[in-house]
Amino acid sequence: MKRVAILISGGGSNMLTLLRDMAEGGYARPVLVASNDPAAKGLEKAAAQGIPIAAVDHRPYGRDREAFETALAERIDATQPDILCLAGFMRILTPGFIRRYEGKMLNIHPSLLPKYPGLHTHARALAAGDQEAGCTVHEVTADLDAGPILGQARVPVLPGDTEDSLAARVLAQEHRLYPQVLRRFVAGDCRPVLL
Ligand code: GAR
């Protein structure tokens with residue numbers, strides 16, 4: 001069975017939906033939830049489900065991203081994952097780290113890529129007057145938020161939307177999309193899931 005490691009930085013709601021879907025579907029096994037923030041709320045939630053967790057605080061490494069990533073990769077590799085899912089992991093990764101996990105690293109991003117790579121996606125969609133927003137799961141390549149798209153879900157932007165209301169509507173779709181993409185990816189199927 002495929003072994004899946006998940007990287008988070010915060011609450012981990014996407015991580016939890018992946019754990020639930022793997023438990024229900026039995027198609028892959030979560031072997032690690034790791035965070036760059038030891039205080040990430042998602043770590044406790046994963047531990048409460050009996051999933052091994054690791055925290056590698058990026059702060060002591062300062063600007064030395066590679067040293068941080070080496071420490072993180074050691075913890076990841078000790079669990080021998082076949083697939084790495086970034087789920088609200090908020091550190092930019094160096095090309096070296098990305099190469100190490102090439103072809104097996106997925107990310108979820110809260111916009112309809114190629115629109116709005118980077119941060120503040122919902123504010124940017126609102127400022128642009130977009131009628132539609134959404135989320136994307138893609139393979140991670142050296143270009144930030146620009147790897148092959150494995151799935152997208154769309155939501156309407158409604159009159160009176162704020163950044164928070166739009167983020168909540170998109171997040172609900174993230175929770176539908178990511179497990180479906182993971183299931184396909186585990187099966188070796190890279191056709192995009194379109195919701
Ligand atoms: C999600 O909306 C995810 O798409 C976003 O962070 C949130 C994490 O929520 N990721 C990024 O912005 C990556 N650049 P969660 O911790 O509840 O899953």
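All ligand and atom numbering here is 1-based and tracks the order in the structure.
Below 30°, between 30° and 60°, or above 60°: for F68 and F89 the angle between ring planes is below 30°, a parallel geometry.
Residue G12 has at least one N or O atom closer than 3.5 Å to an N or O atom of ligand 1.
In this structure, E69 CD and R91 CZ are separated by 9.0 Å, a value rounded to the nearest 0.5 Å. Rounding to the nearest 0.5 Å places CZ of F97 at 12.0 Å from CZ of R65.
For the pair N36 and L7, the minimum side-chain heavy-atom distance is 4.5 Å or more. Inter-residue side-chain proximity for Y27 and D21 is flagged as met; some heavy-atom pair is nearer than 4.5 Å.
Taking the charged nitrogens against the carboxylate oxygens, D130 and K115 do have a contact shorter than 4.0 Å, which makes a salt bridge.
Looking at atom 12 (O) of ligand 1, its nearest protein heavy atom turns out to be P110 CD, 3.4 Å. When only non-hydrogen protein atoms are considered, atom 13 (C) of ligand 1 lies nearest to M90 SD, 3.7 Å. Nearest protein heavy-atom neighbour of atom 17 (O) of ligand 1: S13 OG, 2.5 Å. Looking only at protein heavy atoms, the nearest one to atom 8 (C) of ligand 1 is G88 CA, 3.6 Å. Nearest protein heavy-atom contact of atom 9 (O) of ligand 1 is N14 ND2, 4.1 Å. Among protein heavy atoms, atom 14 (N) of ligand 1 sits closest to H109 ND1, 3.8 Å.
Of the listed residues (D57, I8, V56, I6), just one forms a side-chain contact (heavy atoms from CB on, under 4.5 Å) with S35, and that residue is I8.
Not a single heavy atom of I8 lies less than 4.0 angstrom from ligand 1.
Short contacts between ligand 1 and G11, defined as distances under 4.0 Å to a heavy atom of the residue, involve ligand atoms 16 (O).
Which of K45, E174, H175 comes nearest to atom 4 (O) of ligand 1 through a heavy atom is settled by distance: it is E174.
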